[in-house]
Number of protein chains: 2
Amino acid sequence: MTYSMKRVLTFTACMAAGAMLLSTAPSFANEELEQLSKDPSQWVIPAGNYASQRYSELKQINVKTAANLHPVWTFSTGVLRGHEGGPLVVGDTMYFSSPFPNTVFALDLNQSGKILWKYEPKQDPNVIPVMCCDTVNRGVAYGDGKIFLHQADTTLAALDAKTGKLIWSVKDGNAGVGETGTSAPLVVKDKVLIGISGGEFGIRGRITAYNIKDGSKAWVAYSEGTDSEIKFDPSTTTVMGKPVGTNSSLKTWKGDQYKNGGGATWGWISYDPALNLIYYGSGNPGTWNPTQRPGDNKWSMTVFARDPDTGLAKWVYQMTPHDQWDYDGINEMVLADTPVHGKLTKALVHFDRNGFAFVLNRETGELLEANKFDPAVNWATKIDVATGKPDLVDQYGPGAQGADHNTTNVCPAALGSKDEQPSAYSPVTHMFFVPTNHVCMDYEPFKVSYTAGQPFVGATLSMYPPQGQNNLGNFIAYDVNTGKIAWSDPETFSVWSGALATAGGVVAYGTLDGYLKVVDQKNGKLLYKFKTPSGIIGNINTYTHDKKQYLAVLSGVGGWAGIGMAAGLTEDNAGLGAVGAYKQLSNYTQLGGVLTVFGLSN
Amino acid sequence: MTYSMKRVLTFTACMAAGAMLLSTAPSFANEELEQLSKDPSQWVIPAGNYASQRYSELKQINVKTAANLHPVWTFSTGVLRGHEGGPLVVGDTMYFSSPFPNTVFALDLNQSGKILWKYEPKQDPNVIPVMCCDTVNRGVAYGDGKIFLHQADTTLAALDAKTGKLIWSVKDGNAGVGETGTSAPLVVKDKVLIGISGGEFGIRGRITAYNIKDGSKAWVAYSEGTDSEIKFDPSTTTVMGKPVGTNSSLKTWKGDQYKNGGGATWGWISYDPALNLIYYGSGNPGTWNPTQRPGDNKWSMTVFARDPDTGLAKWVYQMTPHDQWDYDGINEMVLADTPVHGKLTKALVHFDRNGFAFVLNRETGELLEANKFDPAVNWATKIDVATGKPDLVDQYGPGAQGADHNTTNVCPAALGSKDEQPSAYSPVTHMFFVPTNHVCMDYEPFKVSYTAGQPFVGATLSMYPPQGQNNLGNFIAYDVNTGKIAWSDPETFSVWSGALATAGGVVAYGTLDGYLKVVDQKNGKLLYKFKTPSGIIGNINTYTHDKKQYLAVLSGVGGWAGIGMAAGLTEDNAGLGAVGAYKQLSNYTQLGGVLTVFGLSN
């Protein structure tokens, strides 16, 4: 009998179809999780559900009532730097993690957030300097009565969800060579999956599956390497509908450069139980300097579909071959059965850093559509849907322009038309709601040698809004059926917060200057806003408690966009080029992690 | 024409009696301040008005409407440790200071707290270890178009209220010998007055007046020393209605012990413009160990009434002669024209650390009444109103029990039945609303030698609730007319937040576990509560903006009661004995400074 069985009982009692569940003990944690994730009163998976839709069927908070929202309780985390991710709600308990030192909190919803337990891992603070883009942590996962934490030092810790007691832990990587943990784990069946961060330190990206019972390693699948290392079957793993063939990764790298080839996996993982496939993206190749690493650098910048039991890749698709801009492909993969060109499709939708919204058949990996979701995008004119390749514009290619050339006015900037901040999708209207950046850059490569644990970037950047404009972000609605932006709300700064869409017809997001905003899904009209204590880079979740609907969000400015404030950097081109663009942010908000829970007035 | 003249104009236009003000330029800043302090829409003096009543004539938020309160905007300070004090509101701008590093913020009320300017002084962090009871700062003062900040390193800084630009600064003391700044300055006429902290380091307490125009020193008056140093006229300065005589301080000390005699002045200053007197209290004598310093140790533990122009003392009254418990006398002096034993009296009312509520005639210094405001108080049976002396209970006197004896179950503990957290007073009902501690202690003196910059305490303490009880605090209503507690609301922890009373019949305070509470002045009945991000040790203020009334409070746990959390101390008798008593606090809240502003639903 699991921890949250009480909630499950309540939920299943309401479901005619679920009546049989009680008589069969779930064989895998994810059967419990799958059931729990269908209960809109809870929020048991970082992205809300396995499909990463960040959608809730709750509708007490709706277009008519949103104006009556207000904070109902708040909770300071005691940590100053950037708070990405968001809370889980399992039963009557809320769980979340802080940035380094990655304290995990279990708060009692019956007592306005009284601390039930907290877990403070002991970590070597020397991991901080190798965290490229703030000391963020994107949340914990739940499964099998455990809370899973992916620490900065790459430790995966399994905690008893009731007590916070450490059940097991395993070190996934080596912070000494720049490998760090920032991403939320995902529990699938009897395994917990984690990626790795460190694309700026020449690490080799990989996804690793651990058995939830004891932390033993089940499989590991690299982003680059031999077919065995990347878990490809040359004859059955496909790209654009065809077998990849042998050595699909190795032959796109010069010599053994792939061993420091990046392709980090610090983003989000999705799962389709019916297809039994997980989906995630890999990041930039190492070094950033494209003139030093010829080739397509596969499988950096790639969407992977893998079997969660074995790690075997079913299909792949590389979005940005031979990346010249740090257009990491790690953003969330939204799984949606949604119309594409008028035809209901088992789609995977991915708003990439490179500024294109990729729509693929998630069963086959076939590319269906790829359109710009920010008009500023200029590095490519389009993606050729037949070949899957971008049509490059040499003027904006730092590699094409050659070593030591300062390529100017490239859009988007390295942090992309969108970064890790996840989008939301309404299965009712089939609309996507996307937090975006609206930032361009100058990019000048320089030669760099690999030294373990040292930055392996080889480029100097500076960022700024598109010429003649001054808004650094937009919150947009995007229609994959038409491939067009439906509406766009400009924001002073990048929208670096994960969105939430609900059956109430509203969508919520946070702003870097600290506002929680609730807007109408139909037209983006502002229904409610509240200035939280600090800039928001966290993701908004929703749940009910005692039959009332709440929204919850972490504020606490930081992340890549806020790295100047978070790390105290002042040079314009510091923070991988971001500091200059966001200099005005400190006139709006200060550091400080606070959870704010919103509800409706009685 | 001063900065806030626009507001003054608006205000005076509404006052028939004030019509002439416009034709006469104020000769002193305090005339402007006096006027501004009578405008309930602003909060221009840390204590609300010169009388330190923390009372507002505003009544939109009242017994009937308080349930409709909710946060309207919030602001993280970016600083983790204890946030005492509270914001000022001058015109459309809110001003406040953070704990070390003492950042001053000017926030725009027209833009939900957008930062107009901030001032970040550069201070040597070596001051932190000599701050006994957290790195707190109790707020800034306004006057003459300037914001005055009293920094941890004792620097008094005058900032342009419009721009935050430093106009002048002066170093008041020497952090190298343990002198620090934590208190809010007070502007009186053309001077700004500050005290000094460091009673645990054998400093010599004093009040210093600086000219607001250029920071030049006007006068300084010590707590101990020669008549000249303490600015006493032996023939006109009185105690209990009689001249003090010559060497009133020196003759109560052994040798030159007075030079490290404590009597710090880190609390609040009040001012009566009609009598032209300022009032404040002095703290514990140095060392804490009473067996090492025979005598009454005057004028530690004393209420002072001084002429603000010259510093000359008009009268004094020592509340705890030869202190044996660290019952600092620095708590606020509330000036109230209020019935005492049925007779309307120009009273000074002071809820002292020693657990007695002292009521004096503030013109003459005559003691009218002194009753216990916590039933647990046991170190004295009563204060003899005729002699002004306490009737001691030897069993609870660490000095009486002798060196190295562990005196147990002394009530109150060293942090008093009340510490610096200021009370509120309603001039309508003549009731006082007092945040209190309900804590006892074991106290064991040990021999200590004076070394500059080192702790000069000489006692080991541990604290706990009174026997058989488990609440560490009460919020009480106290009637000085009857000398009795009218009602008492128990709290889990000490109430370490300054109260606010209003014409709406409500009184507001904060709790160490983080709740803002609004209760009915008549009976203490809870009307509204909200869990702010962290424990509250700040003071609640009120103001109007665009004709709507707001409450504002800083949360951010710390201070003496929260020193375990703030400084990361874990030994029960650390933090001058406080850590053990408040150990449970970390199960309720975390560190983090956030301003929360509350308003009424439309």
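Residue numbers start from 1 in every chain, and the chains themselves are labelled A, B, ... in the order their sequence lines are given, proteins ahead of strands.
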Which atoms of [X] approach chain B - backbone, side chain, both or neither, heavy atom under 4.5 Å:
| X | result |
| --- | --- |
| A:V72 | backbone |
| A:S586 | both |
| A:T77 | backbone |
| A:F75 | both |

key: side chain to side chain contact (heavy atoms under 4.5 Å, CB included) between A:I115 and B:Q590, intermediate numbers included   = CA-CA 9 Å; A:I115 301 169; B:Q590 295 280 111; 4.0 Å; yes
query = Which residues from residues 79-88 of chain B are near chain A, with near meaning under 4.5 Å between non-hydrogen atoms?
reply = B:V79, B:L80
query = Measuring heavy-atom distances to chain A, does B:Y588 have an atom under 4.5 Å in its side chain, in its backbone, in both, or in neither?
reply = both
Heavy-atom closest contact (B:G592 atom, A:S76 atom, distance) =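 That would be CA-OG, 3.4 Å.
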request  = Quick one: which of B:P71, B:S112, B:G514 has the most heavy-atom pairs under 4.5 Å with chain A, could you say?
outcome  =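 Going by pairs under 4.5 Å, I would pick B:P71.
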Residue selection (most heavy-atom pairs with chain B, distance under 4.5 Å) from A:Q111, A:M565, A:K531 =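 Max contact count across the listed options: A:K531.
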ask   = If contact means a heavy atom pair closer than 4.5 Å, which residues of residues 97-107 of chain A contact chain B?
value =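 A:F105, listed by number.
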ask   = Can you tell me if NZ on B:K583 sees more than 12 non-hydrogen neighbours from other groups inside 6.0 Å?
value =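 Counting other residues, nucleotides and ligands, NZ of B:K583 exceeds 12 neighbours.
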Neighbour count above 12 (heavy atom, 6.0 Å) for B:K64 NZ = no
task = Nearest 0.5 Å please: distance from the CH2 atom of B:W73 over to the OG1 atom of A:T532.
result = 12.5 Å
query = Do the side chains of B:T74 and A:T74 get nearer than 4.5 Å, heavy atoms only?
reply = no
